[in-house]
Amino acid sequence: MGCLQSRKVEENFLLQSLQEHERGINSMAISEDGSVLATGGEDKIARLWSTKTEQCECIGVLRGHTDYINCILIEDCYVLTGSADKTMRKWDVGTCECLLILTGHSSVIYRMICTGDFIFSSSYDRTARAWDFESGECVRVFRGHKRGVYPLIFIPAEQEDEELDLDTAKDILITGSADFTARTWNFETGQLIKVMKGHTGAVTCMSVDPGGRVLFTGSTDFTIRSWNIYKGTQLKVFEGHQGSVICMTVVNKIIYSGSSDHTGRAWVAEFGDCTRIYKGHKHTVSVIKVYEGMVMTACGDAMVRVFDAKSGALKRTMKGHTSTVTAMQVVEGKLFTSSYDGTLNVWDVRNIDGENRPPAIGGPQNNNNNDKGKQKMNEVEKFGGLQSTPARNKESDRIVLD
C-alpha cells in the first residue's frame, strides 16, 4: 500500500498499488480542484483518497449502501453515490457522514450527473430522474424509454443570447437507452422533446460538441451517430468499429472512441472520417481519455496503454492490474486507475515520450473571442457531455443489457 520499489515496477512507472477495497472497483470521481479522489465498488463501500500528497492515502470511508456502488460523483464538499440497492446517497467529504438517502428508482442506478442545484440519475428501471441537491426530493421523472436508461447529458439554456429562440431558451436533459434511442427532455416540464431513432442496438455512451448543439451517440450496433440536438435529426453515421462502442469523449473537433473490437479510434466529428486506429489491445477498450497530446486507454486485458494522439504510436503499456481497468483520472502528472481486481493504482505519466509536450488538446487558447465557447464547453463537460462510463461487464466483450 505504499510506494512499490521493485525494479520491474519502476520500469513500469507504477508508483503505488492501493488495496483497501475488498472487491472490484466500479467507478471513480475527482474533485474540481483535483485534491480528492473517490472510488466505489462491489464491496458496497466508497472511499476517499488524497491525490496531491506525496503518497496517495485513504482519507475517508463511506459505508451504508446495501449493494454494490455503480457510480460516484464529487460536487463541492459532497460525495454522491449511486447503487444497485436502488438508492443514491449524499455524503459529507469532511465527516464521511451520510446526509441524505435518495429513494424512488426501482432498479440499479446506472449513472449520475450534477448541476449543483440538481442531481440527475438514470436507471435500469427505464426512467431518468431529477433531484433537488439540497433536500434530496425527486422533482422530475422522465418516463418514455422502453428499456433501461444509460448515459445522461444536461444542456443548460443559452441565457446569455440576446436573440433567443424556443429551442435554445430551455434547459435540456438528454438520455440514451437500451431501447436503441436517445431522447431530449424539457427539464422545466419533464416533457419529451425529440426521439432520436436510427441505432439498431443499445445507446451505451454519449458526448456533445463543445457548443452543446451536436450529440454523438455510441451503440452496440458498432456505430457512432451524430444528431442535431434541437431538431432531433441524424447528421452522420461513423462506421468502422467491428464491435460495440463502449466509451467516447469529444476533444475539440475530434471524437475518441473505445470498442469491444479491441481498438480505440479517432474521428473527425464534422465529416465522420476515422483518422486513427489505436491498436494493441487484447480485450474491450472500456475507458478512453485524452491528456497532453496522448490518448490513454483502459482495457479488459487489465492494461493501460498510452498512444500518441496524432500518429497512433504506442508510447507506453502499463501492467499492474489483474482484471479489467474500469476508470482513469489524471492529476498533476499522476494517473489513477481502478480495476475489478479491487486495486487503485497510481502511475507516473509525466513526460511520456521524453519531449516537451504542447498544451493539452482542448486546453486554453489565446483568443478572447472564444471565451463564451469555452464557458459552454466547461458547462457541457461538467454536466456529463464529455464523460464516458464503461459498461459493467466482467466476463466477456459482450455488453450486458437489461
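- Residues Leu335 and Phe13 have side chains not in contact (no heavy-atom distance under 4.5 Å, counting atoms from C-beta outward).
- Considering CD1 of Ile229 and NZ of Lys194, their distance stands at 13.0 Å, rounded to 0.5 Å.
- Interatomic distance, Lys289 NZ to Gln329 CD, rounded to the nearest 0.5 Å: 4.5 Å.
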Checking His21 against Leu344 for the side-chain contact (heavy atoms from CB on, under 4.5 Å) test, could you report, in this order, the C-alpha distance in whole Å, the side-chain angles of both residues, the deciding distance, and whether it holds?
CA-CA 8 Å; His21 275 286; Leu344 174 68; over 6 Å; no
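- In this structure a side-chain-to-backbone donor-acceptor pair under 3.5 Å is present from His281 to His262.
- Between the side chain of Ser286 and the backbone N or O of Gly300 there is no donor-acceptor pair closer than 3.5 Å.
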Would Phe120 and Trp131 count as a side-chain contact (heavy atoms from CB on, under 4.5 Å) if you check the C-alpha gap in whole Å, the side-chain angles of each, and the deciding distance to 0.1 Å?
CA-CA 6 Å; Phe120 295 90; Trp131 314 76; over 6 Å; no
Would you check, one step at a time, whether the test salt bridge (Lys or Arg N to Asp or Glu O under 4.0 Å) holds for Arg350 with Asp348?
CA-CA 6 Å; Arg350 294 172 296 179; Asp348 184 355; 3.0 Å; yes
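- Atom OG1 in Thr249 sits 12.0 Å away from atom CD1 in Ile254 (nearest 0.5 Å).
- Contact annotation: the side chain of Leu80 never approaches that of Met88 to less than 4.5 Å [non-hydrogen atoms, C-beta and beyond].
- Not a single donor-acceptor pair under 3.5 Å links the side chain of Arg265 to the backbone N or O of Cys274.
- The aromatic rings of Phe154 and Phe187 sit perpendicular to each other, their planes meeting at more than 60°, with 30° as the lower class boundary.
- For the pair Ile255/Phe238, a side-chain contact is recorded, criterion being any heavy-atom separation below 4.5 Å from C-beta on.
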Which is it for Thr87 and Asp85 under the side chain to side chain donor-acceptor pair (under 3.5 Å) test, yes or no, and what are the steps along the way?
CA-CA 6 Å; Thr87 73; Asp85 67 12; 2.7 Å; yes
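- Taking each heavy atom of Lys315 and Ile352 in turn, the nearest pair found is CB-CG2, 3.8 Å.
- Once rounded to the nearest 0.5 Å, the distance linking CG of Asp171 with CG of Leu173 reads 10.0 Å.
- Listed for the Thr337 side chain is no donor-acceptor partner under 3.5 Å among the backbone atoms of Met328.
- Distance alone, capped at 3.5 Å, is enough to place a donor-acceptor pair between the Ser339 side chain and the Ser323 backbone.
- Side chains of Thr115 and Pro156 form no contact here, defined as non-hydrogen atoms less than 4.5 Å apart.
- Under the 3.5 Å distance criterion, the side-chain polar atoms of Ser123 are matched with a main-chain donor or acceptor of Val108.
- The two residues Met28 and Ala327 have their closest heavy-atom pair at CB-CB, 3.6 Å.
- Between the Arg129 side chain and the Cys138 main chain, no donor and acceptor come within less than 3.5 Å of each other.
- Relative to the six-membered ring of Phe133, Lys90 meets both conditions, a distance below 6.0 Å and an angle of at most 45° to the axis.
- At a threshold of 4.5 Å between non-hydrogen side-chain atoms, the residues Ile246 and Val285 do not count as touching.
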Before you tell me yes or no, could you show the steps for Arg47 and Asp43 under salt bridge (Lys or Arg N to Asp or Glu O under 4.0 Å), namely the whole-Å CA-CA distance, both residues' side-chain angles and the distance that decides it to 0.1 Å?
CA-CA 11 Å; Arg47 289 181 178 270; Asp43 57 7; 5.0 Å; no
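- Proximity of a side-chain donor or acceptor of Thr343 to a complementary backbone N or O of Leu18 within less than 3.5 Å is not detected.
- Between Ile74 and Ser31, the closest heavy-atom pair is CD1-N, 3.6 Å.
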Evaluate side-chain contact (heavy atoms from CB on, under 4.5 Å) for Val245 paired with Cys205, printing each intermediate quantity in order.
CA-CA 8 Å; Val245 181; Cys205 53; 4.0 Å; yes
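- Here the straight-line distance linking atom CZ of Phe307 with atom CG of Leu314 works out to 5.0 Å at 0.5 Å rounding.
- The OG1 atom of Thr181 lies 8.5 Å from the CE atom of Met196; values are rounded to the nearest 0.5 Å.
- At a threshold of 4.5 Å between non-hydrogen side-chain atoms, the residues His241 and Trp267 count as touching.
- Between the side chain of Ser83 and the main chain of Tyr68, a donor-acceptor pair closer than 3.5 Å is present.
- Taking the side chain as every heavy atom from C-beta outward, Ile69 and Asn26 never approach each other to under 4.5 Å.
- Side-chain atoms of Arg140 come within 3.5 Å of backbone N or O of Glu188 as a donor-acceptor pair.
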Under the side-chain contact (heavy atoms from CB on, under 4.5 Å) rule, what do Cys56 and Phe336 come out as? Steps first, then yes or no, please.
CA-CA 10 Å; Cys56 177; Phe336 295 81; 3.9 Å; yes
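- A cation-pi arrangement is not found for Arg183 relative to Phe142, the charged atom failing to lie both closer than 6.0 Å to the ring centre and inside a 45° cone about the ring normal.
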Candidate pair Ser338 and Thr326, rule side chain to side chain donor-acceptor pair (under 3.5 Å), full reasoning
CA-CA 6 Å; Ser338 62; Thr326 57; 2.9 Å; yes
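- Side chains of Lys334 and Lys52 form no contact here, defined as non-hydrogen atoms less than 4.5 Å apart.
- Considering all non-hydrogen atoms of both residues, Ile72 and Gly40 come closest at CD1-N, 4.1 Å.
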